Protein chains: 2
Amino acid sequence: MSEPEVLDGRQQRGRDTRAHIIAAATEQFCESGYRAGSLRDIAARAGMTHPGVLYHFPTKEALLMAVLERRDQMGALDNPVRSELGREALRSMVGAAEKNETQRALVELFATLSAEATNADHPAHDYFVGRYERLLASLIGAYEVARDAGDLVEGVDPEVAAAQLIALLDGLQVQWLLGTLPAPMGRIVTAHLDAQLREPLH
Amino acid sequence: MSEPEVLDGRQQRGRDTRAHIIAAATEQFCESGYRAGSLRDIAARAGMTHPGVLYHFPTKEALLMAVLERRDQMGALDNPVRSELGREALRSMVGAAEKNETQRALVELFATLSAEATNADHPAHDYFVGRYERLLASLIGAYEVARDAGDLVEGVDPEVAAAQLIALLDGLQVQWLLGTLPAPMGRIVTAHLDAQLREPLH
DNA sequence: AAGTTTCCTTACCGCATGGTAAGTTTCGGC
DNA sequence: GCCGAAACTTACCATGCGGTAAGGAAACTT
């Protein structure tokens, strides 16, 4: 993305501790959320003091953004929404939901954060707006492709359906975290999609 | 609920300021969330100092619980889920969603709080678990009644459908708060329910 | 070997928080 | 009119926060 090139020993080392700090911060934010997770805790996890962390990331806010961006990079690799696949793109969301059931801490972070970030003053507000817009656009695309391929039940509006699917996934996570979900997320999402598709998944 | 009876003048006054404080706290929590809304801010809103507040509510946590309980009492009056109405109970959820679109601050509070409360250590954890369990049970009941009345499309499982509806409502609120929702909540919820019902809602 | 830059520590700052202690005002009951 | 409890206020505390300043120790360049 930026400068690949040759990096001398110091740059390499800097990069390493940066990554190390991000990992520590991710853990911390996952366990305690953004506001409650202090720089001192994060620093301790990374084996340094909190001004050491602030040397690499000028503010706590910057650290948060770094955590989120890194998370996105990784997520984007194994979980893109390939709109052009239409029906199969929708199917992949079931897999995403099931995968989340194995990453409780991460789910907790995003659930907490996306709610916090609802406030326009929150540092991650723009990030989440952008994230939701992109996801929405992708899913609308996927539904449109599915519709044009004749895979959709009559009366399913791609825009509405896309917003529904995102909401469903988000909302289910809260219930799952609270332990009040009466069935596995995968099954619930599958049931939702099956009601929109001419041929059920599988 | 507890002792109604005769209350002498002082008790009456105590009750009044208590109510006043709860109102102030509700406003404050709505605007800033639980963690960020300080006792001093709340006290200022109520026209007193923060130890004054703590005289009536021993801890901030207790204040929060009082706010939530009061909210539930009021909500229960104009927005019960009357399971026995089946189809019409489901329909009432559309109204609930639309009503929420006029109460941004309150929606924000519950969205933030339910995510925060996901953590088992959070003071409101048990409250939200109970709340979701009751709502789930009510909606399962409503779907069962609807099914037995022949109002449901084949293959709609009441348990799954109830969890879906709750998730949908929660998730839509986040998107609505972020400003990324492509259509009014009422329309999106209606579309969802119409897909489950033999006869569309109006 | 000297100089420079990167990285990190120790020490500190100002501020806000929830909560406490003790004293003071208010006011209804007698 | 006085008493005593209820309802506060003022003053304070310890704690933890994000962030800054200054200095030292490496690591690399020349």
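Letters A, B, ... mirror the listed sequences (proteins, then strands); counts begin at 1. None of the values given here were measured: they were computed from a predicted structure.
The phosphate of C/dC8 (OP1 or OP2) has a side-chain N or O of A/T17 nearer than 4.0 angstrom. Considering only side-chain N and O atoms, A/Y55 lies under 4.0 angstrom from the phosphate OP1 or OP2 of C/dC7.
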Which atom pairs link the protein and nucleotides 16-20 of chain C when you take only N or O atoms and keep those under 3.5 Å?
from   : atom 1 : to    : atom 2 : distance (Å)
C/dT17 : OP1    : B/S38 : OG     : 3.1
C/dG18 : OP1    : B/K60 : NZ     : 2.8
C/dG18 : OP2    : B/L39 : N      : 3.0
C/dG18 : N7     : B/R40 : NH1    : 3.0
C/dG18 : O6     : B/R40 : NH2    : 3.2
C/dG19 : OP2    : B/K60 : N      : 2.9
C/dG19 : N7     : B/H50 : NE2    : 3.0
C/dG19 : O6     : B/H50 : NE2    : 2.9

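Residue A/D16 contributes atom CG, which lies 14 Å from atom P of D/dA27 at whole-angstrom precision. Atom pair B/F57:CZ and D/dA6:P shows a separation of 17 Å (rounding to whole Å applied). D/dA6 atom P lies 16 Å from atom CE of B/M48, rounded to whole Å.
For the atom pair A/L181 CG and A/I188 CD1, the distance stands at 4.0 Å (nearest 0.5 Å).
Remark: the A/Q196 side chain and the A/Y143 side chain contain an N/O donor-acceptor pair separated by less than 3.5 Å. Donor-acceptor pairing under 3.5 Å is recorded for the side chains of B/Q28 and B/S32.
Using Watson-Crick or G-U wobble geometry with both donor-acceptor distances under 3.5 Å, D/dT30 finds its partner in C/dA1.
Salt bridge annotation for B/R134-B/D72: present, with a cationic side-chain nitrogen under 4.0 angstrom from a carboxylate oxygen.
Applying the ring-ring contact (aromatic ring centres under 6.0 Å, His included) rule to pairs touching residues 171-192 of chain B yields A/H192-B/H192, sequence neighbours excluded.
Residues satisfying the side-chain contact (heavy atoms from CB on, under 4.5 Å) test with B/T49, not counting sequence neighbours, are B/P51.
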